[in-house]
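First the proteins, then the strands, lettered A, B, ... as listed; each starts at 1.
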2 protein chains.
Amino acid sequence: MEDDDLGALLARVTRRVIDEERPLLADQGLSMWGYIVLSSLARAPAQTQLALARSIGYDKTRLITLLDGLEAERLLSRTPDPEDRRARVVRLTPEGEARHNAARRAIRRMERRLLAGLDPADRATLRRVLAELAGPAS
Amino acid sequence: MEDDDLGALLARVTRRVIDEERPLLADQGLSMWGYIVLSSLARAPAQTQLALARSIGYDKTRLITLLDGLEAERLLSRTPDPEDRRARVVRLTPEGEARHNAARRAIRRMERRLLAGLDPADRATLRRVLAELAGPAS
DNA sequence: TATTGTTATACTCTATAACTATA
DNA sequence: TATAGTTATAGAGTATAACAATA
């Protein structure tokens, strides 16, 4: 029997992880893309919404309503940039940081459980190789 | 700087591979799901369309039009099962087998190129660990 | 003239319900 | 009554075009 394609294998594993993540995020009142936005902002505030959209690989027009929702929940702020009055700097609020951390903790717990059966060296290799293949950090 | 979530990492790598695959499949006149169907049938014919849908994780109603297209191109055949006249056995035609092999070769070439920078032991570990995490073969 | 943020629109993909023919 | 295949419809998700404000 032939090996699976790498792409097929990756897609199956990714789908499995995502399926486990979704209910954990729902517990925190977050969608997948909402969590991705919070994660990006937790690394660094976004100078423009366009830059944020590009950095997470999302459409800039869809980002608007996503940010609207997150802002309405006071998880992030959009403040006009005094240097360029077209742009709006997007930042996490303290509440947004807390919500992100809670979601992140739940996801990390799930990941540990998922990888529990693997050899520790394999776990390390997996993470290192995936990071290498993913290219420069987003 | 914190590590990325495993899910985020997997999603990035998967997207990258898929983005590389799509044009190769388009060269063969195949969609992603079309290729997945041909791959499944290349492993074994499907006793019913429902079983095929389940095995590849696709919706049975969407499978219909997908199979319609592939059948119109003579890449597969749907023949009524004499034992159960509700069911239709789905098989690759020789042309379907050839098309699948051509697509597969192109994809394997791309995968080799993508993984070329990795240590051979890491490559092997990646494939083995992903297969383990993907669960029982579909 | 180009860019940021935005809205509106169209399109594609996906899920649900209901029908037919067999079992 | 349940299942395989199918069709039609509705919904979610996504992409495209166009606009106002600013550079």
Side-chain angles (χ1 to χ4, degrees), chain A residues 7 11-12 14-16 18-19 21-23 25-26 29-37 40-41 44-72 75-91, chain B residues 7 11-12 14-16 18-19 21-23 25-26 29-37 40-41 44-72 75-91:
Chain A
R12 293 229 309 277
T14 302
R15 167 146 48 157
R16 187 170 163 202
I18 300 288
D19 285 348
E21 278 187 14
R22 220 181 297 277
L25 292 175
L30 291 175
S31 67
M32 185 64 63
W33 280 113
Y35 176 69
I36 291 171
V37 163
S40 173
L41 297 177
Q47 278 324 109
T48 73
Q49 296 182 182
L50 194 56
L52 175 58
R54 280 204 264 257
S55 86
I56 64 174
Y58 200 55
D59 191 82
K60 68 161 184 166
T61 66
R62 281 181 288 156
L63 185 60
I64 310 281
T65 49
L66 184 58
L67 292 182
D68 286 348
L70 294 169
E71 190 179 30
L75 300 181
L76 55 81
S77 65
R78 288 191 272 197
T79 58
D81 180 350
E83 312 247 318
D84 181 345
R85 290 185 12 236
R86 294 171 305 181
R88 311 180 68 179
V89 180
V90 189
R91 279 180 243 273
Chain B
R12 292 232 306 280
T14 302
R15 168 146 46 156
R16 188 171 163 201
I18 300 288
D19 285 348
E21 278 186 15
R22 219 181 298 276
L25 292 174
L30 292 174
S31 67
M32 185 63 62
W33 280 112
Y35 176 68
I36 291 171
V37 162
S40 174
L41 297 177
Q47 278 325 108
T48 73
Q49 296 183 181
L50 193 55
L52 175 59
R54 279 204 264 258
S55 85
I56 64 174
Y58 201 55
D59 191 81
K60 68 161 183 165
T61 66
R62 281 181 289 155
L63 184 61
I64 310 282
T65 49
L66 184 57
L67 293 182
D68 286 348
L70 294 169
E71 190 179 30
L75 300 180
L76 55 81
S77 65
R78 288 191 273 197
T79 57
D81 180 352
E83 312 247 317
D84 180 345
R85 289 189 6 240
R86 293 171 306 180
R88 312 179 69 178
V89 180
V90 188
R91 280 180 243 274

### Query
Could a donor-acceptor pair under 3.5 angstrom be found where the side chain of A/Thr48 meets the base of C/dT3?
no

### Task
Consider the side chain of B/Ile64, meaning its heavy atoms from C-beta on, and name the nucleotide among C/dT16, D/dA15, D/dT7 that approaches it most closely.
D/dT7

## Note on the structure
Side-chain contact check for B/Arg62: nearest option of C/dT4, C/dT14, D/dT6 is C/dT14

### Message
Looking at the base of C/dT3, is there any donor atom on it, or on the side chain of A/Arg86, that sits under 3.5 Å from an acceptor on the other one?
### Response
yes

### Query
Does B/Gln47 make a side-chain N or O approach to OP1 or OP2 of D/dA4 shorter than 4.0 Å?
no

### Summary
Per atom distances to the A/Arg78 side chain, the nearest of C/dT6, C/dT4, D/dA23 is C/dT6

### Distance in angstrom units between A/Arg88 CZ and D/dA20 P, rounded
18 Å

### Message
Among D/dT6, C/dT6, D/dT22, which nucleotide has an atom closest to any side-chain atom of B/Gln49?
### Response
D/dT6

### Message
I want to confirm an ordering. Mapping A/Ala87 and A/Thr61 to their closest nucleotides on DNA chain C, which one lands closer to the 5' end?
### Response
A/Ala87

### Summary
Side-chain contact check for B/Arg54: nearest option of D/dA4, D/dA15, D/dT6 is D/dA4

### Query
If you look at every strand shown and take non-hydrogen atoms under 4.0 Å, does A/Asp84 touch a base, only sugar-phosphate, or nothing?
sugar-phosphate

### Query
Separation of B/Leu67 atom CG from D/dT6 atom C1', in whole Å?
12 Å

### Task
Among C/dG5, C/dA23, C/dT7, find the nucleotide with the atom closest to the side chain of A/Asp68.
C/dT7

### Task
Send over the distance from A/Met32 CE to D/dT14 C1', rounded to a whole Å.
17 Å

